2 protein chains.
Amino acid sequence: MATPQAQSSPRAPRNNRATAVHLRLRKEIVSGLFPQGSALAEPTLAEHFHTSRAPVREALIALEREGLVTFEKTGRTRVRTIAAKDLREIMEARAALESMAARLANWNWTTADTDFVAKNIEQQTKAGSFAELSRLDMDLHHYVVTCSGNLRLLQLWEPLRWQYEAYLVEIFKRRSADYYRPETETVLAHRKLLQVLSSGTPAEAAQVMMDHVLFNMSWAD
Amino acid sequence: MATPQAQSSPRAPRNNRATAVHLRLRKEIVSGLFPQGSALAEPTLAEHFHTSRAPVREALIALEREGLVTFEKTGRTRVRTIAAKDLREIMEARAALESMAARLANWNWTTADTDFVAKNIEQQTKAGSFAELSRLDMDLHHYVVTCSGNLRLLQLWEPLRWQYEAYLVEIFKRRSADYYRPETETVLAHRKLLQVLSSGTPAEAAQVMMDHVLFNMSWAD
DNA sequence: GCGTTTTAAAGTGTCGACACTTCTTAGGCC
DNA sequence: GGCCTAAGAAGTGTCGACACTTTAAAACGC
């Protein structure tokens, strides 16, 4: 079955403060609490998380490899700014990974998978805000990548997700009210996607996902 | 031009002992000095690299995110074992990324790029060993990914490269002498690849690369 | 001799310390 | 006032220390 489950080395995260700080700090960056470009000093963060510098340092290293923070030549750490040029890179990489994921997910798609995705799309039609629609959108894409059964695909994809979400929050800050994602087009694209995932060929699923992700690049910049 | 160069945030690596240990330890793992599954104790490594535990710890975190080492639930660190199931995941992910890279590299391919790849293929025909052919092969694929101009594609691809090379070293240990990669087929596939990269359409380049990488999966297991 | 329990060795998680570097700000000079 | 300089503050890189946990070995009983 394609239903989400680990297939290879299950990557058990260490159960220490470093991973806790990692997850909390990531959430705070992606949610926009730390604006892009702001400095992340280890002593300050250590105090913020009521711990010492060591766990903070480890978390920063992980976040750097996720592309959410950058180390400057001087050693200082900043929240990475994700510009339009970066968005292009992100979406191209997403298209590559998710297209393959759709191909694999199609291979043994189940009716349970169809139910999950259909329910998600149904919720999209009722979404009241840009943020909610985006959350449902990412949930859906995450589900497909998970359904690929390829854990490495998922691990490569996740950093792109965080970077994309960080980008969305930033443009949402700027255009706030007068900005709306074209809901109907999104829903239509997802319906098409579900159709090929459940009853199309693997090649069709890959192609539809590729076009869908690359098309999303155009309205998000 | 598609010639290798940084396009987005240039990811300046920190100039500290942690990165030095990271690079050295990665080389030693990929070269097979530390066999798969062997324990990596921080104090031992610290002594090995003539430093303290802190830089070693940072390096291990980076290597874990590259998929070369794993952290057990008890906290111990081991060199990750890459089995046939993992190879499948690796090659599927490689196919996804490299296919997109070929598509982008084709977009503004130059004669200089053709020269580089042609020279590489020429060397492949003269390769005297499995190891040398594999090195040339990875150099070629690395070049194409770099030519995509998408730095994120490259950063996602690199860990797959290390994992793949670690796998190759392991199977080479076992089958040592009586194992040879089908050289002529590899060279022919690469000639076809060069042809579509230089004078085919982006879609053709993507398709040829996809087939080439996925086909490689079959002989390497 | 074999299995169980106790004890020592080894390893990780976290912390504070300190040297060195980088940034900031206050002071002096014109 | 504007610019350069020089303390001072803040931050990073690295280390050793120590508590706690896990592993390994030795001791013990049978």
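Every value quoted in this text rests on a predicted model; they were computed, and no experiment measured them. Per chain, numbering begins at 1; letters A, B, ... match sequence-line order.
Residues forming a ring-ring contact (aromatic ring centres under 6.0 Å, His included) with A:Phe116 (at least two apart in sequence, or on another chain): A:Tyr143. Residues that satisfy the salt bridge (charged side-chain N to carboxylate O under 4.0 Å, His left out) test with B:Glu28, not counting sequence neighbours, are absent from this structure. For B:Glu158, the salt bridge (charged side-chain N to carboxylate O under 4.0 Å, His left out) criterion is met by no residue, not counting sequence neighbours. B:Glu66 is linked by a side-chain hydrogen bond (donor to acceptor under 3.5 Å, both in side chains) to A:Arg65, B:His22, B:Arg26, counting only residues two or more places apart in sequence or in another chain.
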Find every protein N or O atom lying less than 3.5 Å from an N or O atom of nucleotides 20-25 of chain D, and list the pairs.
none

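Across the interface with DNA chain C, nearest-nucleotide mapping of B:Gly75 and A:Ala54 shows B:Gly75 to be the residue nearer the 5′ end.
Taking the six-membered ring where tryptophan is involved, the planes of B:Phe172 and B:Phe130 are essentially parallel, since the angle between them stays under 30° and well short of 60°.
Put simply, CZ on A:Arg57 is 14 Å from P on D:dG11, counting in whole angstrom units. For the pair A:Asn16 CG and C:dC15 P, the interatomic distance rounds to 11 Å; values are reported in whole Å. Atom CD1 in A:Ile61 sits roughly 11 Å away from atom C1' in D:dG13 (whole-Å rounding). Residue B:Arg78 contributes atom CZ, which lies 11 Å from atom P of C:dT12 at whole-angstrom precision. One atom, CZ of A:Arg17, and another, C1' of C:dT14, lie 7 Å apart when rounded to the nearest Å.
Across all strands shown, A:Arg53 has heavy atoms under 4.0 Å from base atoms, whether or not it also approaches the sugar-phosphate.
Look at A:Lys119 and A:Asp115 and you find no salt bridge, because none of the NZ, NE, NH1 or NH2 atoms lies under 4.0 Å from a carboxylate O. Using a 4.0 Å cut-off between charged nitrogen and carboxylate oxygen, B:Glu89 and B:Lys85 do not count as a salt-bridge pair. A salt bridge links A:Arg94 with A:Glu98: the distance from a Lys NZ or Arg NE/NH1/NH2 to an Asp or Glu carboxylate oxygen falls below 4.0 Å.
Of the residues in residues 40-52 of chain B, B:Thr51, B:Ser52 come within less than 4.0 Å of DNA chain D through at least one heavy atom, sorted by number.
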